[in-house]
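What follows is a short report on a single structure.
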Amino acid sequence: MKKWVYIKDVSKFVGEEVLIKGWVYNKRDVGRIKFILVRDGTGIIQSTIWSKDPDCPIFEKFDKLTQESSIKVSGKVKKDERAPGGYELEITDFEIIQIAEEYPISKKNHGTAFLMENRHLWLRSIRQTAILKIRASIIKSIRDFMDKEGFILTDSPILTANAVEGTTTLFETSYFDEKAYLSQSGQLYAEASALALAKTYTFGPTFRAEKSKTRRHLIEFWMMEPEWAYAELDDVFILAQNLLVYIVERVLEERSEELKILERDTKPLEEIKAPFPKIKYDEAFEILKKSGKSQTSYGSDFGGTDETIISEKFNKPLAITHYPSNIKAFYMQPDQDNPDKILCMDILAPEGYGEIIGGSQRIHDLDLLLKKINEHKLSKEVFKWYIDLRKYGSVPHSGFGLGVERTVAWICHLPHIRETIPFPRMLYNLYP
RNA sequence: UCCCCAGUAGCUCAAUUGGCAGAGCGGGUGGCUGUUAACCACUAGGUUCGCGGUUCAAAUCCGUGCUGGGGAGCCA
């Protein structure tokens, strides 16, 4: 019985007979010599079949193979400069598990619509598997960093009775006889956990029924949200900065192969070092005004193009703080010295990728919170438990949300967020 | 929700701007002893997104619907 090995490990088995279980990525027939490119999820290896006899049984089996047919291949591992990747498998025999029907995804060009329709198959391409591996590394590095910093993972519920952001973007569902909503953010529950554990974070999917059709929006996306008792805005800014530096370092270290497949220029990533620049809304507005390229009026939120104009001035992630209070969420703490401004931060990724982190210091004063809930016409009933947090040992606390998919898009330098998650949920697009 | 663009073979696209619907890839058959999205020859494959209109004649022009793409607003 030959040893089952994965392609990523073949270099350790040069000269030995091994068994590879995989799929036909491509085949080439050059008469007496045939090539099968076998992929097994960890890599691709060129495999060769040779015989003097044009009618030998293994050639007949080869002829049946179609793209993506599943096969178990036995052969001897050889070092060979002519093979892509430098190693080659000299096939002694192979077993056909299933002959694939005509595979819809060919080696030539496809349009986005067609690829999205076949997302379940598109995932098998080298490029897509590289992105998924980088996504996995980013998630692992986020978890490792937060754990190392002493934050406790606490999960927030997906089904909730209350909104966090504007009520227009909620997915409504039924909860027996009550109405329920899919979570837009785990933050409010994380605040409760933070008062229990001091340093916490939630990690999970969030849902926004926004009718937005852009390269940076998903209907279902993943967020990591730390919440930290007694922390002020500056504390979470430093946390966010160190987190991003750590993620980039880890990806450069673990996934250089995948970044190469994506043809990602790693120089801009190598420049991601602390400290990150931090400017106030007013300064950001000045930059916009001077650029002459923006129509945004003072006091309004920045648009996607505005973010690009501002972040192009810096080669690192940039924090913009102290936004006007009327354009931010109800739970955000006003600045003591300037109550029209909010102790909040948006962190914009470089290279035009825009906002990947949004955070703030939270209101800890009971009366102020009640006033804000009133102003935003929110229900005191459903928020009773949240208001309670300000009655029993309330303290200043802060947190932020990091969008996983936007982070993946930036680090991989992807033109569109749809490739950052295995099965993106987008506007009017629930299949596959 | 608004603005712009597109829909032709399984896929990616052509079609002299209103005059015989075609090529590459993929499929099939055959050839080739080192290919790198192999190559060469032959071959099958069409309700030109649906409906209505203009015209001697519509893939092409007009109207309408559907689907998809790009962007805006909003956001991570």
Side-chain angles (χ1 to χ4, degrees), chain A residues 25-37 44 46-54 59 63 66-68 78 80-86 88 90 100-118 121-122 125-126 164-169 184-187 205-225 240 295-296 300-307 327-329 345-349 353-359 400-410 415-418 420-421 426-429 431:
Chain A
Y25 196 76
N26 193 9
K27 65 172 195 177
R28 290 186 271 270
D29 184 345
V30 195
R32 290 303 151 75
I33 184 161
K34 326 260 188 207
F35 299 89
I36 311 174
L37 292 178
I44 294 183
Q46 174 166 289
S47 312
T48 56
I49 305 172
W50 184 88
S51 174
K52 273 182 195 161
D53 174 14
F59 278 9
D63 287 339
T66 54
Q67 196 184 343
E68 286 303 316
K78 279 174 56 184
D80 195 311
E81 287 301 312
R82 294 168 295 186
E88 194 169 72
E90 207 176 78
E101 291 180 23
E102 193 183 320
Y103 195 63
I105 299 178
S106 74
K107 287 166 280 179
K108 287 264 181 164
N109 299 329
H110 292 288
T112 314
F114 177 79
L115 289 171
M116 285 308 302
E117 187 78 7
N118 289 285
L121 304 175
W122 186 23
S125 72
I126 308 180
V164 181
E165 312 290 342
T167 45
T168 50
T169 62
Q184 300 165 297
S185 160
Q187 180 205 314
T206 51
F207 308 85
R208 296 190 187 174
E210 280 161 7
K211 302 247 169 148
S212 45
K213 248 184 98 160
T214 77
R215 67 180 70 223
R216 50 229 260 185
H217 282 88
L218 288 172
I219 300 300
E220 179 181 315
F221 65 97
W222 286 68
M223 270 209 289
M224 192 286 289
E225 298 171 278
Q295 309 286 316
T296 304
S300 311
D301 208 351
F302 300 130
T305 28
D306 296 337
E307 288 182 351
I327 55 170
K328 286 289 173 181
M345 61 171 185
D346 283 358
I347 297 185
L348 311 184
Y353 277 87
E355 187 179 354
I356 54 170
I357 284 178
F400 61 81
L402 168 75
V404 170
E405 287 74 20
R406 287 187 181 177
T407 305
V408 176
W410 160 50
H416 199 293
I417 200 164
R418 67 185 148 222
T420 62
I421 186 166
M426 296 185 301
L427 193 58
Y428 312 128
N429 197 345
Y431 178 93

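Below, chain A is the first sequence line, B the second, and so on; all start at residue 1. Only heavy atoms go into these numbers, but all of them, side chains included; no hydrogens, no water, no symmetry mates.
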Check: B/C11 base within 3.5 Å donor-acceptor of A/H110 side chain: no
Polar contact flag, side-chain donor to acceptor under 3.5 angstrom, A/Q46-A/E88: yes
Per A/I417 side chain, nearest of listed nucleotides B/G26, B/G34, B/A76: B/A76
Nucleotide opposite B/A41 in a Watson-Crick or G-U pair, distances under 3.5 Å: B/U29
Distance, C1' atom - from B/C3 to B/G46, rounded to whole angstrom: 34 Å
Sugar-phosphate only, base, or nothing, as touched by A/W50 at under 4.0 Å among non-hydrogen atoms: base
Interatomic distance at C1', B/C49 relative to B/A44, whole Å: 25 Å
Under 3.5 Å donor-acceptor pair, A/D29 side-chain atoms to B/C32 base atoms: yes
Touch class at under 4.0 angstrom, heavy-atom based, for A/I356 against every strand present: sugar-phosphate
Whole-Å C1' distance, B/U1 and B/C62: 27 Å
Ion pair check, A/K27 and A/D63, cut-off under 4.0 Å: no
Protein-nucleotide distance (A/I49, atom CD1; B/G34, atom P), rounded to Å: 16 Å
Polar side-chain atom of A/R406 near backbone of A/E355 as donor-acceptor pair, under 3.5 Å: yes
Whole angstrom value for the distance that separates C1' of B/G73 from CZ of A/R208: 16 Å
Side-chain donor or acceptor of A/T206 paired with backbone N/O of A/F221 under 3.5 Å: yes
Closest to side chain of A/E355, choosing from B/U35, B/A76, B/G68: B/A76
Integer-rounded Å distance: B/U29 P and A/D63 CG: 8 Å
Integer-rounded Å distance: B/C74 C1' and A/K328 NZ: 11 Å
Sugar-phosphate, base or nothing in reach of A/T66, heavy atoms under 4.0 Å: nothing
Touch class at under 4.0 angstrom, heavy-atom based, for A/P84 against every strand present: base
Position toward the 5' end of RNA chain B (nearest nucleotide), A/K78 or A/L37: A/K78
Assigned partner base of B/C11, Watson-Crick or wobble definition, under 3.5 Å: B/G24
Minimum-distance nucleotide to A/Q46 side chain [options: B/G70, B/G34, B/U33]: B/G34
Nearest-Å distance once atom C1' is located in both B/A15 and B/A59: 9 Å
P-based separation of B/A21 from B/G31 [nearest Å]: 36 Å
N/O (side chain, A/R28) to phosphate O (OP1/OP2, B/U33) under 4.0 Å: no
Pairwise P distance for B/A58 and B/G52, with rounding to whole Å: 14 Å
B/U67: pairing nucleotide in any strand, Watson-Crick or G-U under 3.5 angstrom: B/A6
No-H, no-angle donor-acceptor pair, A/Q67 side chain to B/G27 base, under 3.5 Å: no
Under 3.5 Å side-chain donor-acceptor pair for A/T66 and A/E102: no
Touch class at under 4.0 angstrom, heavy-atom based, for A/G303 against every strand present: sugar-phosphate
Donor-acceptor contact below 3.5 Å, side chain A/E220 vs main chain A/P205: no
Out of B/A72, B/C75, B/G26, whichever nucleotide has its closest atom nearest the side chain of A/D301: B/C75
Sugar-phosphate, base or nothing in reach of A/D80, heavy atoms under 4.0 Å: base
Touch class at under 4.0 angstrom, heavy-atom based, for A/F221 against every strand present: base
A/K27 vs A/S106, nearer the 5' end of RNA chain B by closest nucleotide: A/S106
B/A72 pairs with, by Watson-Crick or G-U criteria that keep both distances under 3.5 Å: B/U1
Value in whole Å for how far the P atom of B/C74 lies from CG of A/L218: 19 Å
A/F114 side chain, from C-beta outward: closest of B/C32, B/A76, B/C11: B/C11
C1' atoms of B/G24 and B/U47, separation to the nearest Å: 25 Å
Separation of atom CZ in A/F59 from atom P in B/C32, rounded to whole Å: 11 Å
Touch class at under 4.0 angstrom, heavy-atom based, for A/E88 against every strand present: base
Check: A/T296 main-chain N/O paired with A/S300 side-chain donor or acceptor under 3.5 Å: no
Spacing of A/Y353 atom OH relative to B/C75 atom C1', expressed in whole Å: 18 Å
Exam field: side chain A/Y25 to backbone A/S125, donor-acceptor pair closer than 3.5 Å: no
Check: A/F35 main-chain N/O paired with A/R28 side-chain donor or acceptor under 3.5 Å: no
Euclidean distance for P, B/G22 against B/A9 (whole angstrom): 14 Å
Between P of B/U33 and CD of A/E90, the distance in whole Å: 18 Å
Side chain of A/V30 (C-beta onward), nearest among B/G70, B/C32, B/G26: B/C32
Assigned glycosidic conformation for B/U29 [threshold 90° from 0]: anti
